[in-house]
Asker: 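There's a structure below that I have some questions on.
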Amino acid sequence: MANENKLQAIIGHCKEYGFIFQSSEIYDGLSAVYDYGQYGAELKKNIRDYWWRSMTQMQDNIVGIDAAIFMHPTVWKASGHVDNFSDPMIDNKDSQKRYRVDHLIEGYVETLDKEKGDAILHQMELLLEANDFAGLKQLIEDHKISCAISGTCNWTDVRQFNLMFSTEMGSVADEANVVYLRPETAQGIFVNFLNVQKTGRMKIPFGIAQTGKAFRNEIVARGFIFRMREFEQMEMQFFVKPGTQKEWYEYWKETRMKWHLSLGIAADKYKFHDHVKLAHYADMACDIEYDFPMGFKEVEGVHSRTDFDLKQHQQFSGKKLTYFDTEINQHYVPYVIETSIGLDRTVMMILSEAYVEEDLSTEEKQDSRVVLKFPPMLAPIKLAVLPLTKKDGLPELARELINECKTQFRCFYEEKDSIGKRYRRMDALGTPFCVTIDHQTKEDGTVTIRYRDTMLQERIALADVKKLVMEKVEMFK
Ligand code: ATP
């Protein structure tokens, strides 16, 4: 399937089957804001749980916190977000449409052959690195890059635009009360560094993880849930001894890539992309890119953030944020390696990977199915229990099985429609196992279990269903 079509098919499927809706849809939606429906919310929660447990439960030296979205406004001055969290933008004077300069140029490059395109991207990266705004405008004009709406090249100068949302706290609207909606979760970890270290008696190297909402007033919001204005991040800051950051950076690059591969995604669907233009806080940084329907794009960042954030907070708060290392009898401000992954982008990655349209036609008849081949541990529903008929005690047996299993994993009961139709609906929701209860079940205590990916069916003992599903949906073996 062509990639653009695949993205459209996924968006349509997500809406039709209760995964993802546009926010405030009855009011024609709010741009780049989305709501998760009943199955999307389960999928997202399972991904979040898998990340959380991989980072905390499976590691001896990482703990999780849950910091507030609102933080003291000085946090964002110290972190550099008030002054630096901006992207170079350009407006088309005819359409009034604003573009992120890098996105505008990248969009143009997609229409060129590879060699030409790469040369322009290289030039763009050098100009971005040098903050050369006049040069960027010149590049756009030299290549006659036009606005998709007006079709003209009538551009303003390139300017910086801050991506933070602000609001007011309290009832008096003066400047002292301006607070920001956090644009990243990381700062909640930095300001709690000593609280956690002291109360948890943490010894360096150690990490603090958290998941939560972040907000960015993205200018060009596109690609469904790839780029949203309200989204969720899963971040971990790993505090290390100064001078050891290089080895920990490599360690976390490798460990995070292993996590991605543990989702059952092939290695050639990922690549590392080293940053050319480093953020103001970083001394090494890379993205883990996944081959989305729109091409290879960032899903996660691994950043060596030096001691920038803790030192800044020390300076702005006037409070010491040092660690006493008993092994070398010294106080120091730790260095930090950060892993930062977007939960919504991961949902999109899992959906892109799972969505398959299969042609099942035979010589006799045409047939097809849409199936979401989620890893069983992430599937919103793990087991569907389907009584063959609505009578003869079959629904009661089905309910009994659900009652036995539902303390351990999510089950689904369905008695309407033919068995074939019910299987197809479960395929479309990504349910890995369906069990059919029929008259034979009453006689010999066996059921038909049907596997989503292979569509194979076999008879097993009713008493074995729970154990079989539990083994397959376990997160860690
Ligand atoms: P991009 O270059 O795509 O804007 P970024 O480099 O600004 O991303 P980071 O600040 O490193 O992103 O944020 C870490 C992660 O948060 C990203 O890898 C991505 O998965 C996620 N993320 C960032 N911005 C958004 C957004 N607007 N919508 C959804 N997820 C996002």
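All values derive from a computational prediction rather than experimental measurement. Order of listing sets the numbers, starting from 1, for every ligand and every atom in it.
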Asker: Taking the six-membered ring for Trp, are Trp155 and Tyr99 closer than 6.0 Å centroid to centroid?
Answerer: yes

Asker: Below 4.0 Å from any atom of ligand 1, which residues have a heavy atom? Give them in chain and number order, please.
Answerer: Arg100, Arg216, Glu218, Phe226, Arg227, Met228, Phe231, Gln233, Glu298, Val299, Glu300, Gly301, His303, Ser340, Gly342, Arg345

Asker: Should the ring pair Tyr290 and Phe292 be called parallel, tilted or perpendicular, given that the plane angle runs from 0 to 90° and is split at 30 and 60?
Answerer: perpendicular

Asker: In residues 59-73, what donor-acceptor pairs under 3.5 Å come from side-chain atoms, sequence neighbours left out?
Answerer:
| residue | atom | partner | partner atom | Å |
| --- | --- | --- | --- | --- |
| Asn61 | ND2 | Pro205 | O | 3.3 |
| His72 | ND1 | Thr74 | N | 3.0 |
| His72 | ND1 | Thr74 | OG1 | 3.1 |

Asker: Under the salt bridge (Lys or Arg N to Asp or Glu O under 4.0 Å) rule, collect the residues that match up with Arg48, sequence neighbours excluded.
Answerer: Glu232

Asker: Would you give me the side-chain donor-acceptor pairs under 3.5 Å for residues 251-259, sequence neighbours excluded?
Answerer:
| residue | atom | partner | partner atom | Å |
| --- | --- | --- | --- | --- |
| Thr255 | OG1 | Tyr251 | O | 2.7 |
| Arg256 | NE | Glu300 | OE1 | 3.3 |
| Arg256 | NE | Glu300 | OE2 | 2.7 |
| Arg256 | NH2 | Glu300 | OE1 | 3.2 |
| Trp259 | NE1 | Ser54 | OG | 3.1 |

Asker: What orientation do His331 and Phe324 show, parallel under 30°, tilted 30 to 60°, or perpendicular over 60°?
Answerer: tilted

